[in-house]
Amino acid sequence: MGIVAYEIAKRRPAYIHGIDILKPHTRVARSIFLGSNVESRFDTMSLGSRKLQSVLNDRYDIVLLLAVYQHVRRGLGQEEADRIFIDIINRAQTIVARVPDEDDIRLQSLIGDAGFTLSDRHKSPRGSTVLAYHRH
């Protein structure tokens, strides 16, 4: 998370907010950003946490969903995962999603149903696909 956020920070966004379930990931991200002028926040929590609503901003220009939907769905079930991701998706203007299995189209359907259009697709060398969506 921290390295990806740092690369994004080179483009000088106003703010970066990362959420990860693993404390070492958020700790590394915070360390990386000690030397950055970009305002940032990194929270350690499950997306199924009751605290999620209190840490999310109302709006985000870009939301990165980097192969996280499948983990949340596996841990919390389809219905709860859909509820959480619909809320996050509705806060975004642009979504970049890495999907390990492009044939598992549930996340893509949630994004499309929220009024987004697929604008770019990139196949990674490791087999996952990165999809970029913009709200129309």
Side-chain angles (χ1 to χ4, degrees):
M1 169 177 49
I3 294 170
V4 171
Y6 180 74
E7 290 300 318
I8 293 168
K10 290 178 181 178
R11 299 282 188 189
R12 312 300 299 148
Y15 179 72
I16 290 180
H17 183 194
I19 299 172
D20 199 297
I21 195 168
L22 299 174
K23 189 171 275 201
H25 291 186
T26 53
R27 197 170 27 245
V28 167
R30 288 182 192 125
S31 295
I32 289 170
F33 273 79
L34 288 175
S36 174
N37 291 333
V38 174
E39 182 182 347
S40 61
R41 175 180 177 171
F42 298 97
D43 295 299
T44 303
M45 70 174 51
S46 163
L47 291 182
S49 170
R50 285 180 278 175
K51 295 188 320 185
L52 181 64
Q53 294 300 313
S54 67
V55 302
L56 289 176
N57 290 344
D58 291 337
R59 307 286 323 143
Y60 291 99
D61 291 333
I62 301 171
V63 169
L64 302 178
L65 301 173
L66 302 179
V68 66
Y69 177 78
Q70 295 75 6
H71 296 292
V72 174
R73 181 176 65 193
R74 198 169 332 155
L76 300 176
Q78 182 77 52
E79 188 175 308
E80 184 66 7
D82 286 357
R83 185 191 65 72
I84 291 165
F85 280 83
I86 288 169
D87 179 46
I88 293 169
I89 290 164
N90 284 328
R91 295 169 190 263
Q93 196 60 37
T94 299
I95 295 176
V96 177
R98 183 168 62 88
V99 292
D101 178 4
E102 199 171 358
D103 293 332
D104 181 359
I105 63 164
R106 184 65 188 157
L107 178 60
Q108 294 93 307
S109 296
L110 294 175
I111 295 168
D113 291 348
F116 287 82
T117 301
L118 180 65
S119 60
D120 199 9
R121 166 185 271 118
H122 175 75
K123 192 78 165 176
S124 81
R126 297 179 75 193
S128 62
T129 303
V130 178
L131 306 168
Y133 292 87
H134 298 283
R135 193 178 292 279
H136 40 227

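Closest non-hydrogen pair, E102 versus T129, comes out as OE1-OG1, 3.0 Å. When every heavy atom of E39 is checked against every heavy atom of A14, the shortest pair comes out as CB-O, 3.7 Å. When all heavy atoms of T44 and L22 are compared, the closest pair comes out as CG2-C, 4.1 Å. For L118 against A132, the heavy-atom pair with the smallest separation is CD1-O, 3.4 Å. For the residue pair H17 and D43, the shortest heavy atom distance occurs at NE2-OD2, 2.6 Å. What you find for V55 and Y60 is that their closest heavy atoms are O-OH, 4.2 Å.
More than 12 heavy atoms of other residues, nucleotides or ligands lie within 6.0 Å of CZ in R59, so this atom counts as buried by the packing criterion. Residue-environment remark: NZ (K123) exceeds the threshold of 12 foreign heavy atoms within 6.0 Å. Within a 6.0 Å sphere centred on CD1 of I62, heavy atoms belonging to other residues, nucleotides or ligands number 12 at most. In the displayed structure, N57 atom CG is contacted under 6.0 Å by more than 12 heavy atoms of other residues, nucleotides or ligands.
When side chains are defined from C-beta on, D113 does not count as touching I86, because their heavy atoms never get closer than 4.5 Å. Side-chain contact between I19 and L52: present, with at least one pair of heavy atoms (C-beta onward) separated by less than 4.5 Å. The shortest side-chain heavy-atom distance between I16 and F42 falls under the 4.5 Å cut-off. Contact of the R12 side chain with the V38 side chain is registered, since non-hydrogen atoms from C-beta on lie closer than 4.5 Å.
Judged purely by atom type and a 3.5 angstrom limit, S109 uses its side chain to pair as donor or acceptor with the backbone of I105.
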Identify all side-chain donor-acceptor contacts of residues 72-79 below 3.5 Å with residues at least two apart in sequence or on another chain.
from: R73; atom 1: NH1; to: D104; atom 2: OD1; distance (Å): 3.2
from: R73; atom 1: NH1; to: D104; atom 2: OD2; distance (Å): 3.3
from: R73; atom 1: NH2; to: D104; atom 2: OD2; distance (Å): 2.3
from: Q78; atom 1: NE2; to: Y69; atom 2: OH; distance (Å): 2.7
from: Q78; atom 1: NE2; to: D82; atom 2: OD1; distance (Å): 3.0
from: Q78; atom 1: NE2; to: D82; atom 2: OD2; distance (Å): 3.4

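Of the candidates L65, V99, V96, L107, V99 is the only one forming a side chain to side chain contact (heavy atoms under 4.5 Å, CB included) with L131.
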#### Entry: Verdict with reasoning, R83 to D87, per salt bridge (Lys or Arg N to Asp or Glu O under 4.0 Å)
CA-CA 6 Å; R83 185 191 65 72; D87 179 46; 6.0 Å; no

